[in-house]
Amino acid sequence: MNVAVGQLEAAQRNEHISVQIMSLEKRDYDVVVVGSGPNGLAAAILLQQQRLNVLVIEAKETIGGGMRTGELTLPGFKHDICSAIHPLGTGSPFFQTLPLSKHGLEWIYPDIDAAHPFDNGTAAALTRSIEDTAASLGADKQAYLDLLGPVIRDWPALAPDILGPLSFPKHPFKLAQFGLSALQPATWLAKKFTTMEAKGLLAGMAAHAIQPLSNFATSAIALVLMANGHLGGWVIPKGGSQSIATALGSYFTSLGGQIETGTYIRSIDQLPSSHAVLFDVTPKQLLEIAGHKFSSVYKWQLERYRYGDGVFKVDWALDAPIPFVAEACRKAGTVHLGSTIEEIVASEQASASGKHAEKPFVLLAQQSLFDPTRAPEGKHTAWAYCHVPNGSTKDMTAIIENQVERFAPGFKERILARHTFNTAELQTYNPNYIGGDINGGIIDIAQLFTRPALRLSPYKTSSKGLYICSSSTPPGGGVHGMCGYHAAKKVLKDLFGRR
Ligand SMILES: Cc1cc2nc3c(=O)[nH]c(=O)nc-3n(C[C@H](O)[C@H](O)[C@H](O)COP(=O)(O)OP(=O)(O)OC[C@H]3O[C@@H](n4cnc5c(N)ncnc54)[C@H](O)[C@@H]3O)c2cc1C
């Protein structure tokens with residue numbers, strides 16, 4: 001797929017032209033980036049490509065933010081600590097321009113992107129082929145083709161508008177057509193379908209929005225995830241999501257960029273001098289680090305920024321693959337456990353209302369089925385989480401395992417070891433996960449394009465030279481680097497006279 005690259009290629013063509021910064025006084029660095037998640041690294045790379053002198057400072061001993069892999073359970077079992085499956089890994093317009101394979105990144109394509117089992121032993125399945133996916137939905141075949149066909153056809157034109165800040169659209173008619181479906185609550189869009197399979201599949205996709213499916217624009221994430229399943233696949237990085245971070249970091253340093261790990265920034269006064277600072281953190285942390293630099297209006301806006309539900313996560317070491325009843329689930333990288341749309345709607349409504357669902361919607365990944373590097377020979381890993389109220393410390397292990405057992409009898413007997421994270425432990429692990437919110441703030445219609453504040457540019461703070469580049473800016477959560485890309489573009493334009 002070749003999307004949005006015109007603009008990006010233009011930026012890259014400038015790679016060999018030195019930036020005119022002579023008028024700026026000497027500083028230790030041109031730009032400092034605080035935080036090395038996908039957005040921090042994407043921003044740092046774009047700026048370093050422009051021959052600026054860029055330093056990335058990361059609190060932890062390793063780079064990557066949400067892209068890290070570790071032996072959480074037993075020796076030899078490699079678990080993705082946060083991000084596991086990457087629908088926008090190959091679909092990110094910025095990542096597409098980077099030579100990440102030369103820096104060790106290898107994408108693996110599961111046989112089936114995502115499967116969605118039901119209690120009768122059948123499953124709906126999202127595959128690379130839109131025709132096969134539609135055909136598996138029986139009476140909803142044509143409705144599925146009518147819904148997803150235009151999104152796939154128009155994606156190259158739509159991607160820059162959807163994966164960026166609110167601006168005058170480059171393709172207003174195509175965007176308007178997408179918006180007619182995307183802005184609807186998923187519960188409304190599901191009325192296009194008549195079968196349990198199609199309604200359930202759509203609801204599982206929309207539940208990635210981590211909010212009630214009756215909210216406006218919950219259909220947007222479903223359409224983007226399904227379209228990217230057909231276009232680029234829900235890919236798995238060989239060796240774990242740490243491989244994406246390692247490749248981004250390796251490319252950045254090959255350009256001359258510098259990385260300092262193990263340094264937690266509590267105040268902006270700790271930073272070396274620079275012309276710009278980009279923060280890969282969320283508004284709450286930004287206020288703590290640099291709040292005294294901001295106007296009272298901007299501070300007021302950041303204080304009102306809203307975080308969403310949290311997640312409870314489990315990783316398992318298994319002595320065999322998960323024995324799912326439905327064949328599609330045994331061939332899928334991702335499995336959505338939630339059965340009917342009614343059950344998923346109730347689950348998402350419960351966590352948004354401060355309750356814990358008895359049968360929560362569970363997102364499960366089984367990377368080792370496709371990547372033998374993840375576990376000792378013959379053994380397996382699995383990764384899963386469900387949504388819980390923000391800040392919840394309830395242990396959801398048994399409830400999640402019951403949901404897996406429901407669709408895969410015998411699963412519990414295959415568990416060798418487990419590791420869990422409640423919302424507080426997730427936030428301790430990465431301070432960006434406020435109350436366990438993995439998207440850097442709720443992505444509802446009010447915060448979709450205006451995150452973190454309603455401004456001409458959401459990336460620019462009220463203080464000259466200070467920018468925010470995390471998933472708390474458009475387009476929001478996920479491993480795609482587009483928040484960092486757009487923030488870096490803004491820095492180049494504002495401070496270095498580059499378009
Ligand atoms: C359990 C879980 C599952 C997920 N699954 C997926 C998935 O399958 N697919 C997907 O695409 N996305 C997934 N995500 C979401 C994805 O990981 C995030 O949206 C993404 O990492 C956000 O990138 P970011 O660069 O904005 O911030 P982050 O990745 O959070 O990086 C921020 C970095 O800044 C550092 N930092 C923070 N504060 C400071 C400070 N004061 N000083 C110095 N450094 C600091 C942190 O240590 C961290 O390294 C998941 C997240 C979680 C937690």
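Just so you know, ligand 1 is whichever comes first in the structure, and atom 1 is the first atom listed for that ligand. As a basis for the values below, the full set of heavy atoms in this structure was taken, side chains included, without hydrogen atoms, waters or symmetry mates. All residue numbers in this chain count up from 1 along the given sequence.
- Ligand 1 has at least one atom lying under 4.0 Å from a heavy atom of D280.
- Residue contacts with ligand 1: R68 is included, with a non-hydrogen atom under 4.0 Å away.
- For S36, the heavy-atom gap to ligand 1 drops under 4.0 angstrom.
- In this structure, F421 does not count as a contact residue of ligand 1, since none of its heavy atoms falls inside 4.0 Å of the ligand.
- Partners of E348 under the salt bridge (charged side-chain N to carboxylate O under 4.0 Å, His left out) rule, at least two apart in sequence or in another chain, do not exist in this structure.
- The protein atom (non-hydrogen) at minimum distance from atom 49 (O) of ligand 1 is E58 OE1, 2.6 Å.
- Using a 4.0 Å heavy-atom cutoff, L88 is absent from the residues neighbouring ligand 1.
- For atom 51 (C) of ligand 1, the nearest protein heavy atom (residue, atom name, distance) is I438 CB, 3.7 Å.
- Of all protein heavy atoms, the one lying nearest to atom 37 (C) of ligand 1 is N432 OD1, 3.3 Å.
- Inter-residue side-chain proximity for L286 and T282 is flagged as unmet; no heavy-atom pair is nearer than 4.5 Å.
- Among I265, T263, L363, the residue whose heavy atom lies nearest to atom 41 (N) of ligand 1 is I265.
- A centroid separation of 6.0 Å or more is found between the aromatic rings of H387 and H356.
- When each of K78, H79, R418 is tested with T73 by the rule side-chain hydrogen bond (donor to acceptor under 3.5 Å, both in side chains), just one qualifies, namely H79.
- A salt bridge does not link K60 to E260: none of the charged side-chain nitrogens sits closer than 4.0 Å to a carboxylate oxygen.
- Among all protein heavy atoms, the one lying closest to atom 11 (O) of ligand 1 is V479 N, 2.9 Å.
- Between I289 and ligand 1 there is a heavy-atom distance shorter than 4.0 Å.
- Residue K284 places its NZ atom among 12 or fewer non-hydrogen atoms of other residues, nucleotides or ligands, all under 6.0 Å distant.
- Listed by atom number, the atoms of ligand 1 under 4.0 Å from N430 heavy atoms are 28 (P), 30 (O), 46 (C), 48 (C).
- R414 contributes a side-chain N or O that, together with a main-chain N or O of P321, makes up a donor-acceptor pair within less than 3.5 Å.
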